[in-house]
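To find a chain, count down the sequence lines: A is the first, B the second, and so on, and within it residues start at 1.
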Amino acid sequence: MEFSMRTLASPPVRSAFLVALFAMACAQGDRARGTYAGVEMVPAQAKPNFTLTDLNERPYDFRASTDGHLTLLFFGYTHCPDVCPVHLANIAAVMHKLPTTDRARIRVVFVTTDPDRDSTAQLRSWLANFDTTFVGLRGNIDEVNRIETSLGLPTSVKEPVENGYGVGHAAQVLAFTADDSLRVGYPFGVRQQDWAADFPKLLAVRPSR
Amino acid sequence: MSERLVRPLGRVALAASVMLAIGCKGAASSNGARFDRGAIVVSHVVAAAPIIAGRLEDATMAVYLVIENHGAADTLVAAAAPLARSAMIHEQMDQGNMMPATGVVLPANQTVTLTVGGTHIMLEGLHRALVAGDSVPLDLTFRSAGTLRVVAPVVSYAALDEALGRNAAPVARP
């Protein structure tokens, strides 16, 4: 986390990152300037080191378990009305059109920002609506927030609403290429055609060793 | 703090500008049905097929639509759905939190879009499992125009972008 506390998490840099995510939102109609439909991290950042609990109730070492894979990391919750399911449904729809060999090189990791309501069973059942290979992770909310902060993401905020509460969360999907670096951030609004165009580019980045 | 009035021209200027920017592209919606009452025309009504991960009564379903107001200022004050226990107007806050809203302000002669990432109608407590291909009737009550019955085709989340067409522009948030 040391790297990211110094880089992404410092307020000016984090602000720039978020502004860039905003600015990228129109990239879909104007893609000439960038390699990716998302916001490219220049330079790419190292993959963070954290361990949470997976759907088999076992420790999931993020860095070790995703080593050498194109990894999409997303923070959200199963009661999320549209941002989370739209992101995951779009990713799944495009992944399902990729050759099996390419799909095997991708890890999609979803971290719940609402561990109180998202039990392991709830998370498993919800994720299975998109793809049974998607990894669901749970952990103490303070730990999840620490991870989000280290990545330059806003922390999750629980706010009461009628009959329950909503959970604010970062809306972007972070893409780590096979060289284990954070290369692109995809804000809410990326379309399936964006993922279809970017998967081959992201997969073209090979492990660094 | 529990209730808010959605003001489309108010504090969401930044989000709106981003929305317009993204909205520059998009195929025409496949859902051309229009519903009107008085000065109000509602179109592009789409419901996202619920992801049922637990009990059906806990399932929710978001509905999106476009409201054209061809007359004096009005307000969408309530929604009701026969297939659900309740239908509420939800506004998503900057951090993605949902807040119940007391209404959606419809300025005179303007169009307001309820779309993904922003304000939507949230159906809660579904009476049956709705899947892509189903239709959901919805009664929208406007302060001046009265109550209008609209029908939303249900589409999967994967098909939502396409179904929303030019209205799919999400409201980006930091």
Notebook entry, point to check: Does a side-chain N-to-carboxylate-O contact under 4.0 Å join Arg128(B) and Asp134(B)?
Noted result: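 Yes, Arg128(B) and Asp134(B) are salt-bridged.
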Notebook entry, point to check: Is the backbone of Thr66(A) close enough, under 3.5 Å, to the side chain of Lys47(A) for a donor and an acceptor to pair up by distance?
Noted result: yes
Note to self: Quick one: does any side-chain atom of Arg138(A) pair with a main-chain N or O of Pro115(A) as donor and acceptor, under 3.5 Å?
What the structure shows: yes
Check: Between Ala158(B), Ser156(B), Ala59(B), which residue shows the highest count of heavy-atom pairs closer than 4.5 Å to chain A?
Finding: Ala158(B)
Checklist line | Closest-packed option against chain A by number of heavy-atom pairs under 4.5 Å, given Ile51(B), Ile52(B), Asp58(B) | finding: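 So the answer, after comparing Ile51(B), Ile52(B), Asp58(B), is Ile51(B).
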Notebook entry, point to check: For the candidates Ala121(A), Ala89(A), Ala93(A), which exhibits the highest count of non-hydrogen atom pairs separated by less than 4.5 Å from chain B?
Noted result: Ala89(A)
Notebook entry, point to check: For the side-chain contact (heavy atoms from CB on, under 4.5 Å) test, which of Val109(A), Thr53(A), Val111(A) pairs with Tyr60(A)?
Noted result: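 Exactly one option meets the side-chain contact (heavy atoms from CB on, under 4.5 Å) with Tyr60(A), and it is Val109(A).
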